[in-house]
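Every chain is numbered from 1, with letters handed out A, B, ... down the list of sequences. Quick caveat, the model's predicted, so the values are computed rather than measured.
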Protein chains: 2
Amino acid sequence: MPTPEPQRPGFVLPLLLLAGFRTLIDDLHAELARQGHAELRPLHGFVLQAVGADGTTASELGNRLGVSKQAAGKTVDRLVALGYLERADDSRDARRKLVRLTPHGLDGLRRSAVIFDELRQRWTETLGAERVAAIEDDLRAVTPANWFRLDIPGWFTG
Amino acid sequence: MPTPEPQRPGFVLPLLLLAGFRTLIDDLHAELARQGHAELRPLHGFVLQAVGADGTTASELGNRLGVSKQAAGKTVDRLVALGYLERADDSRDARRKLVRLTPHGLDGLRRSAVIFDELRQRWTETLGAERVAAIEDDLRAVTPANWFRLDIPGWFTG
DNA sequence: TAGGTTAGTCAACGTGGTTGACCAAACCGT
DNA sequence: ACGGTTTGGTCAACCACGTTGACTAACCTA
């Protein structure tokens, strides 16, 4: 029978998950900065993803990101100022203001996707494809299923 | 030969790492709240860890956390107000002010460690000890070695 | 048409971070 | 022993991101 593994302290697991996440995000934004998107902050990538190619409204964006509509509105303001998003009136509902990606925003979103693929590829070169897939599958198994509705910002600040 | 796995989009990996981390941290603080530490925010746990049983100074704390000494000082202020930390004069260097855990702070730190161990145990019940250890080992392999000097807050806000 | 719901905005505030400026204490080379 | 530099702490102003509460305008429906 195999010698029992010594007990590992529980806090290294969250630290390593955070370290892995941060490494990917930091590498992503370092490369994005090189490709002409230096002003994009980590949060902004998630926002662009949540807006999507079809656009949304500020309230719906708040829902997707799990924050208030006011917070979503302010974030949209900043990304509009940076040239990543634009607002347009909805001809069928004068209350709504559509939030859409500008060409610059779409460019940032597309580059993010490419870079993320490259970074995952780099992980498979050190770990092998099976190990990376195993990490993903295992994490899916221990993570609430509803998590993937992009429930992201604001959690750390509280 | 095995059928080649279809390419997985790169962005699910960071999302799952974040989901795993957040799940652990959220569960930790839900349990901490039940055990009388409802005011502890996610950030505070790292700060208590960084202060440690021996105490430090605000500047050194800033180094450990990777933030400015001013930011560290403000966070210490808040945790002093909450009763988790206390300041004391250094008899050998009148400039320094030692930051120490109060009994309440030490209690929170000890409970965090216990709860983290329980949470890791819960993961091994669904995944098996080998898979959890494999996640840790794999993440160590793709994460900068210097990461473990607790380089944590402020990265998301940027 | 009146009454309720929904989208957006404004204001005030809290938290966590940044830089720059400053003082007092400590250290160090002459 | 003294004078210049380094170090620790604090203050002030500011920024990013979040919250709640209050309010208006537009839409929907009984």
Side-chain angles (χ1 to χ4, degrees), chain A residues 22 25 29 38-48 50-51 55-82 84-100 150-158, chain B residues 22 25 29 38-48 50-51 55-82 84-100 150-158:
Chain A
R22 272 207 57 172
I25 295 293
H29 284 90
E39 321 95 325
L40 271 188
R41 308 266 104 240
L43 172 62
H44 299 158
F46 294 109
V47 175
L48 296 186
V51 169
T56 11
T57 66
S59 289
E60 171 58 21
L61 186 59
N63 279 341
R64 294 187 191 171
L65 295 173
V67 300
S68 64
K69 59 180 181 176
Q70 295 94 324
K74 282 202 256 184
T75 302
V76 170
D77 287 343
R78 285 176 210 116
L79 284 171
V80 167
L82 289 174
Y84 285 90
L85 296 179
E86 61 185 5
R87 285 187 223 257
D89 290 334
D90 185 335
S91 54
R92 285 177 305 193
D93 186 338
R95 294 169 306 176
R96 288 157 55 92
K97 304 215 176 139
L98 273 301
V99 176
R100 280 192 314 234
L150 267 187
D151 204 350
I152 293 151
W155 63 275
F156 205 83
T157 304
Chain B
R22 272 207 55 173
I25 296 293
H29 284 90
E39 322 95 322
L40 272 188
R41 309 264 103 240
L43 172 60
H44 299 158
F46 294 108
V47 175
L48 296 186
V51 169
T56 12
T57 66
S59 290
E60 172 57 22
L61 186 59
N63 279 341
R64 294 187 191 171
L65 295 172
V67 301
S68 65
K69 60 180 180 176
Q70 295 94 324
K74 281 201 258 182
T75 302
V76 170
D77 287 342
R78 287 178 207 117
L79 284 171
V80 167
L82 289 174
Y84 286 90
L85 296 179
E86 61 184 6
R87 286 186 222 257
D89 289 337
D90 184 335
S91 53
R92 285 177 305 194
D93 187 338
R95 294 170 306 174
R96 291 157 53 96
K97 304 217 174 139
L98 272 303
V99 176
R100 281 190 314 233
L150 267 188
D151 204 349
I152 291 151
W155 62 274
F156 205 84
T157 304

Quiz item: Given the rule in the side chain to side chain contact (heavy atoms under 4.5 Å, CB included) test, do B/Arg100 and B/Leu85 qualify, once you have shown the distances and angles that lead to the verdict?
Solution: CA-CA 6 Å; B/Arg100 281 190 314 233; B/Leu85 296 179; over 6 Å; no

Practice problem: List the steps and the verdict of side chain to side chain contact (heavy atoms under 4.5 Å, CB included) for A/Val76 and A/Leu61. | Solution: CA-CA 9 Å; A/Val76 170; A/Leu61 186 59; 3.5 Å; yes

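When rounded to the nearest whole Å, the span between CD of B/Glu60 and C1' of D/dG9 equals 15 Å. Atom CZ in A/Arg78 sits about 13 Å away from atom C1' in D/dC14, given to the nearest Å. If you measure from atom CG of B/Leu82 to atom C1' of C/dT15, you get 12 Å, rounded to the nearest angstrom. Here C/dT6 presents its C1' atom at 16 Å from CZ of A/Arg92, a figure rounded to the nearest Å. Taking atom CG on B/Asp77 and atom C1' on C/dG17, their separation rounds to 14 Å, with Å as the unit. Rounded to whole angstrom, the span from the CG atom of A/Leu61 across to the P atom of C/dT6 amounts to 19 Å. Look at CZ on A/Arg41: it is 8 Å from P on D/dC17, rounded to the nearest Å.
Of the side-chain N and O atoms in B/Ser59, none sit less than 4.0 angstrom from OP1 or OP2 of D/dT7. OP1 or OP2 of C/dA25 has not a single side-chain nitrogen or oxygen of B/Arg96 nearer than 4.0 Å. OP1 and OP2 of D/dT7 both lie 4.0 Å or more from every side-chain N or O belonging to B/Thr57.
Smallest separation of non-hydrogen atoms from A/Leu40 and A/His44: CD2-CB, 3.5 Å. Nearest heavy-atom pair across A/Val99 and A/Val51 is O-CG1, 3.8 Å. Across B/Arg41 and B/His29, no two heavy atoms sit closer than the pair O-NE2, 3.4 Å. Residues A/Ala72 and A/Ala58 come closest through the heavy atom pair CB-O, 3.5 Å. Considering every non-hydrogen atom in both A/Leu65 and A/Ala50, the closest pair reads CD2-CB, 3.8 Å.
Listed nucleotides D/dG9, D/dT19, C/dG17 differ in distance to B/Lys97; the shortest reach to its side chain belongs to D/dG9. Distances were taken from every side-chain heavy atom of B/Thr75 (C-beta onward) to each of D/dC17, C/dA26, C/dG17; the shortest belongs to C/dG17. With distances taken from any side-chain atom of B/Asp93 to the nucleotides C/dA26, D/dG8, D/dG18, the minimum falls on C/dA26. Among the nucleotides D/dG9, D/dG18, C/dG16, the one closest to the side chain of A/Lys74 is D/dG18.
Annotation: salt bridge (Lys or Arg N to Asp or Glu O under 4.0 Å) contacts of B/Glu39 (sequence neighbours excluded): none. Scanning for side chain to side chain donor-acceptor pair (under 3.5 Å) contacts around B/Arg78 gives an empty result, with sequence neighbours left out. Listed by chain and number, the residues in a salt bridge (Lys or Arg N to Asp or Glu O under 4.0 Å) with A/Asp89 amount to none (sequence neighbours excluded).
Residues B/His44 and A/Leu98 both approach DNA chain C. Their nearest nucleotides, taken by heavy-atom distance, put A/Leu98 toward the 5′ side.
For the atom pair CZ (A/Arg64) and OG (A/Ser59), the distance works out to 11.5 Å, reported to the nearest 0.5 Å.
Within residues 84-91 of chain A, no residue places a heavy atom under 4.0 Å from DNA chain D.
For the side chain to side chain contact (heavy atoms under 4.5 Å, CB included) criterion with A/Thr57, the lone passing option out of A/Arg96, A/Lys97, A/Arg87 is A/Arg96.
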Tabulated below should be each protein N or O lying under 3.5 Å from an N or O of nucleotides 20-25 of chain D; please produce it.
unit_1	atom_1	unit_2	atom_2	d
D/dG21	O6	A/Gln70	NE2	2.6

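Axis deviation across the helix from C/dT1-D/dA30 to C/dT30-D/dA1 amounts to 10°, comparing end segments of five pairs, rounded to 10 degrees.
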